[in-house]
*Asks:* 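Starting off with a structure, shown below.
Here is the naming used below: chain letters follow the sequence lines, and residue numbers restart at 1 for every chain.
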Number of protein chains: 2
Amino acid sequence: MSDSSLAELLRARGLRLTAQRQLILQAVLDLGHATPEQVHTAVREVAAGVNITTIYRTLELLERLGLVTHTHLSHGSPTYHAAGEDQHVHLVCRDCGAIDEMDPELMRPLAEQLARERGFRVDIGHVSFFGHCARCGNGSQE
Amino acid sequence: MSDSSLAELLRARGLRLTAQRQLILQAVLDLGHATPEQVHTAVREVAAGVNITTIYRTLELLERLGLVTHTHLSHGSPTYHAAGEDQHVHLVCRDCGAIDEMDPELMRPLAEQLARERGFRVDIGHVSFFGHCARCGNGSQE
DNA sequence: CTCTCTGCAAATGCTTTGCAGATAG
DNA sequence: CTATCTGCAAAGCATTTGCAGAGAG
């Protein structure tokens with residue numbers, strides 16, 4: 001499914017289908033949420049020689065092709081995940097770093113209110129909430 | 001107002017009140033939203049010799065003192081702003097880069113729903129929404 | 001006077017770029 | 001075959017750290 005669409009998208013632009021590109025896309029799909037470095041680690045398990053540079057270049061390419069997206073969670077590294085229908089909102093725990101997801105539908109009322117009152121159209125696919133997950137922040141208030 | 005509280009907070013910890021610290025705090029208060037580099041630029045207009053290193057160290061200090069907070073908007077650089085009562089949610093326009101604010105009260109229903117259903121406590125002061133502001137994204141659907 | 005701050009320069013970590021050989025089509 | 005890819009090494013940024021002199025209290 002993804003391999004063939006990758007091939008098509010590449011060929012349509014005169015670009016080439018390579019093992020690295022397939023592996024990197026697959027890694028992003030498998031990992032769900034991953035930084036370039038995590039993708040690198042995952043890909044290396046299958047093909048040891050793949051360079052981190054190629055990860056960066058390919059993630060950028062896959063994003064241009066519309067197959068993946070990235071978000072900036074808290075600090076430094078961007079997180080990549082598959083693009084497409086299943087847009088989701090990230091719930092990032094400040095304590096344990098866990099990344100959970102929630103249904104973007106829950107954003108709908110707020111998004112509509114902002115659009116109506118401010119003319120601001122929220123990009124629902126890029127929303128991240130920071131806070132404390134059930135496991136970490138339950139008892140304490142701070 | 002802020003100078004005296006800065007002095008107190010510093011003295012309470014055996015730390016010192018310096019010109020740089022006052023200028024940097026003032027810059028953050030004036031700028032509203034600013035990256036370390038923007039703070040640096042602003043401070044330099046008054047005191048040319050202040051080093052970027054001092055900006056980083058002081059912003060970290062001011063944050064520890066509870067006077068400022070930072071958020072990570074879209075790419076790399078963190079954005080600092082005054083902490084305190086007036087918590088707000090950022091609305092960042094992907095087109096023109098403008099940073100607007102909205103009343104965090106609007107987040108309340110959603111935050112409560114998340115707490116109830118998932119046990120996730122959203123840190124409302126650190127929420128940022130990306131999208132298109134009234135000026136930029138009005139006509140097109142994109 | 002003492003202990004904290006600051007500026008400078010070098011180190012670090014993540015990401016990007018240049019180039020020549022490897023390879024898809 | 002030819003133009004695109006990849007790996008390697010080096011360059012770039014933003015941020016951090018070490019150190020010795022400057023300065024607050």
*Asks:* In whole angstroms, how far is the P atom of C/dC5 from the CZ atom of B/R57?
*Replies:* 10 Å
*Asks:* Can you check whether any acceptor in the base of C/dC3 is under 3.5 Å from a donor in the side chain of B/R16, or vice versa?
*Replies:* yes
*Asks:* With the threshold set at 4.0 Å, does a side-chain nitrogen-carboxylate oxygen contact exist between B/R57 and B/E60?
*Replies:* no
*Asks:* Mind calculating the distance between CG (B/L65) and P (C/dC5) to the nearest angstrom?
*Replies:* 10 Å
*Asks:* Can you tell me if B/R11 has over 12 outside heavy atoms packed within less than 6.0 Å of its CZ?
*Replies:* no
*Asks:* Any side-chain N or O of B/N51 below 4.0 angstrom from OP1/OP2 of C/dC8?
*Replies:* yes
*Asks:* What's the CD1-P distance between A/I24 and D/dC5, to the nearest Å?
*Replies:* 12 Å
*Asks:* Mind checking if A/L15 touches a base, just sugar-phosphate, or nothing, with heavy atoms under 4.0 Å?
*Replies:* sugar-phosphate
*Asks:* Please work out which of the three classes, parallel, tilted or perpendicular, describes the rings of A/Y80 and A/H70, given edges at 30° and 60°.
*Replies:* tilted
*Asks:* Using atom CZ of A/R13 as one end and atom P of D/dC5 as the other, report the distance to the nearest whole Å.
*Replies:* 12 Å
*Asks:* Nearest whole angstrom, please: distance from the P of C/dC5 to the CZ of B/R64.
*Replies:* 9 Å
*Asks:* Quick check on DNA chain D: between B/A19 and B/E60, whose nearest nucleotide comes earlier from the 5' end?
*Replies:* B/E60
*Asks:* Closer than 3.5 angstrom, by distance alone: can the side chain of A/R13 be matched with the main-chain N or O of A/L65 as a donor-acceptor pair?
*Replies:* no
*Asks:* CD of B/E37: more than 12 outside heavy atoms within 6.0 angstrom?
*Replies:* no
*Asks:* What nucleotide, of D/dA24, C/dC8, D/dC5, holds the atom closest to the side chain of A/T18?
*Replies:* D/dC5
*Asks:* I need the CD-P distance between A/E37 and C/dC14, as an integer number of Å.
*Replies:* 6 Å
*Asks:* Without decimals, in angstroms, what is the distance between B/L59 CG and D/dT16 P?
*Replies:* 10 Å
*Asks:* Measure the distance from CD on B/Q22 to C1' on C/dT6 and round it to the nearest whole Å.
*Replies:* 15 Å
*Asks:* For D/dG7, take OP1 and OP2 only and decide whether either is under 4.0 Å from a side-chain N or O of A/Q20.
*Replies:* yes
*Asks:* Assign B/T53 to base, sugar-phosphate, or nothing according to its heavy-atom contacts below 4.0 angstrom with the strands shown.
*Replies:* base
